[in-house]
Amino acid sequence: MSTHTLSVLVENSPGVLARVAGLFSRRAYNIDSLAVGPTENPDISRMTIVINVESHSLEQVIRQLDKLVNVIHIAELKLSDSVQAELLLVKISATSKNRFDVDAVLDTYGAAIVDEDADSMTIEATGDAAKISDLLNALERFGIRELAQSGLVAIERGSGSLADRTLSTQSIPTADSGQADYQN
Amino acid sequence: MSRKMSGASSLVQSLESAGVDVMFGIPGGAILPAYDPIFDSSIRHILVRHEQGAGHAATGYAQVTGRVGVCIATSGPGATNLVTPLADAAMDSVPLVAITGQVPSAAIGTDAFQEADIRGITMPFTKHNYLITDPNDIPRAIAEAFYIAGTGRPGPVLVDIAKDALQKETDFVWPSQLSLPGYHPQLEPENQAIKDAAALIAQSSKPVLYVGGGVIKANASKELMQLAELVGAPVVTTLMALGSFPDSHPQHFGMPGMHGTVGAVTALQKADLLITLGARFDDRVTGKLSTFAVNAKVIHADIDPAEIGKNRFADVPVVGDLKHTISALIPAIKAEFAKGRADLAPWLASMNKLRATYPLGYDAPKDGSLSPQYVIERISALTGPEAIYVAGVGQHQMWAAQFVKYENPRTWLNSGGLGTMGYAVPAAMGAKVGAPDATVWAIDGDGCFQMTNQELVTCALNNIPIKVAIINNESLGMVRQWQTLFYEGRYSNTNLESKRVPDFVKLADAMGCVGLTCDRPEDVDAIIKKANAINDQPVVVDFRVFRDAMVWPMVAAGTSNDDIKIAREMAPDWDSQEL
Ligand SMILES: Cc1ncc(C[n+]2csc(CCOP(=O)(O)OP(=O)(O)O)c2C)c(N)n1
Ligand SMILES: [Mg+2]
């Protein structure tokens, strides 16, 4: 069983999330995380899907996904050639007394306090899964009250763009799609 | 060119522009606006008695013509009644477009009267689907639906249209171009794959052509014949492929799988190479997967890349339309053969001997009652291979697969993937509409018939004279067979008592059909001839057959194909075979 990050460009159309989620569920593929958001092109959204492939090969997952008409392009992003990040918002028990200790942790991880009151503070951090989990471990001793974490998002390193490469799509003349053309 | 009209008229114009000549459906509130322009349309609308019938009829039509079948229903219950035929069409890769009315867009999500999220419900088993709330989107959605349904690996597409989108005024503009950035079926196989496949074929001394329904979808029977005769290997045709290669051909070994011939099952098991064409290694073919054809390399040619490697690793994957793929393979193989090829003689000798030793057969019932296999054999013999045969699901389906002689593609229709009881009568209706000059025999079970026989009313009223042979064993026979074999003959809820109730002859008569009955072997031919002579009315023949007949051979579910039985507790005599 191993973890893979897929960057999936989908048409920005209603129901596309349900189609993807439904596919994973009915074919019994495990999703670790899924994040959806806009891209530089308003007609296209990007889903970043982290999957754990067990008996099904990664290739099979990709091919099934690719069959969805709204899925335009799928790329596997390897850790080595992509930048990957999650967003963490965590509320810890902290007061002015241990503020100094908290600050030391936050400095180490480049995290920031985004809200605070007398006995709690909310911290925001971004980073890859390992960094986020280390930060959480470091904050544990202050008492974690609540946390919210996003799915992973990832982008290829270098100047290339998935969308550039995939959007040069040809149109299909409807004459080729007419009923009569399927006749034997 | 654009014209102002209602969304409903735009829908009907779109269907006409897509080339639709017939559709099957039932109106209701949400789809009602569309039925007004349908009234004036050149498209023939056949008013069915149940939406499930509309869906299977569209499937039958599509299966015999190769065109996209069309069904239409209202929102809520009308739409949910299409669920079974859509799932059926998805499993058997049938090109369908289903149009459903939806509640007005402002009411969507409010649990309005007759609201059902049919787009959500059908997502898992449509190739694609749409919910249209803007009338301007109707022509594009219809054009895309037909294109998606009919190209690549065919499948069902549903277009759900909100009532207000049908009522509002719109400009009808038939799109001249479609843009589907995520949909590009690959038709042409890669050169390297063809070369690799040809090389494997030349090296193989025990090849088998494992042929699936894809060959029929691709209209590639002629190409298949050339390939088969070039390679000289045994050909097995799956349940979905019957007719793609003539039964009478000396290389034909019959159907593989759970109720396949000993020859076909064993040829696959012992092969060193499976030349897989448009088949998908379904569990009913492979038996226990880990023991399936363990010594075989696999060439897997299919238009759907997701089928390749799904169940069985492919040594040589070939993605493409089978007509193109087979046409490309033939010269490549000739080139390889020119350099030399393995000797097939020992393989063919042993397989031919095996086939001759274990032909399909059955014992006549000892009590002198009617044998179901005999009835089916006679229907085939007296009607011939130009007719279209449509089965339900159960024992009669397997006997129809085994004992009808198929010579031509698109003459055998059945629900292979989903196994939908109730398929036969409506699918036969659709088949007859698509091929009005052909004789269409539904070979149905007494159980299946009672699920959808109301479409005979549709047939009677619309001049669709199909013939139905009810193989009446007064049971859910296939289930009963499993109870005989695996549940110590405890026949829980499989007795239908259908030799007592209903009276199928009266039922046929009540539905405007000719009803006939037959329970003696000596009457079978005369009754079939009588039924074949009636062409102005549907005919139903109640063949009252031996109840305890069983389907053999059989590979029990989940077991290895090596454990095939030719009769109860009877395995082929492997020791006397040199394999
Ligand atoms: C809709 C549906 N319900 C249940 C089944 C399970 N099933 C498979 S075969 C069968 C019996 C069919 O009986 P009949 O039509 O009389 O055919 P026979 O096997 O007797 O030839 C049943 C209940 C099914 N395939 N489809
Ligand atoms: Mg029965």
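In the text below, chain A, chain B and the rest are named by the order of the sequence lines, each starting its count at 1.
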Given heavy-atom pairs under 4.5 angstrom as the criterion, report whether the side chain, backbone, both or neither of B:I308 touches chain A.
both
Heavy-atom closest contact (A:K67 atom, B:A306 atom, distance):
CD-CB, 3.5 Å
Cut-off 4.5 Å, heavy atoms of chain B, and the answer for A:V71 is backbone
Return yes when atom CD of B:E16 has more than 12 non-hydrogen atoms of other residues, nucleotides or ligands closer than 6.0 Å, and no otherwise.
yes
Which atoms of A:E11 are under 4.5 Å from chain B, going by heavy atoms: the side chain, the backbone, both sets, or neither?
side chain
Measuring heavy-atom distances to chain B, does A:L23 have an atom under 4.5 Å in its side chain, in its backbone, in both, or in neither?
neither
Honestly, the part of B:D304 sitting under 4.5 Å from a heavy atom of chain A is side chain
Measuring from atom NZ of B:K127 to atom CG of A:L68, what distance do you get when rounded to the nearest 0.5 angstrom?
12.0 Å
Let me confirm one number: the NZ-CZ distance from B:K310 to A:R27, rounded to the nearest 0.5 Å.
6.0 Å
Would one find more than 12 heavy atoms of other residues, nucleotides or ligands at under 6.0 Å from atom NZ of A:K91?
no
So which part of A:R26 gets closer than 4.5 Å to some heavy atom of chain B, the side chain, the backbone, both or neither?
side chain
Taking C-beta and beyond as the side chain, do B:N129 and A:R19 meet within less than 4.5 Å on heavy atoms?
yes
Hey, is CG on A:L136 packed in by over 12 heavy atoms from elsewhere, all under 6.0 Å?
yes
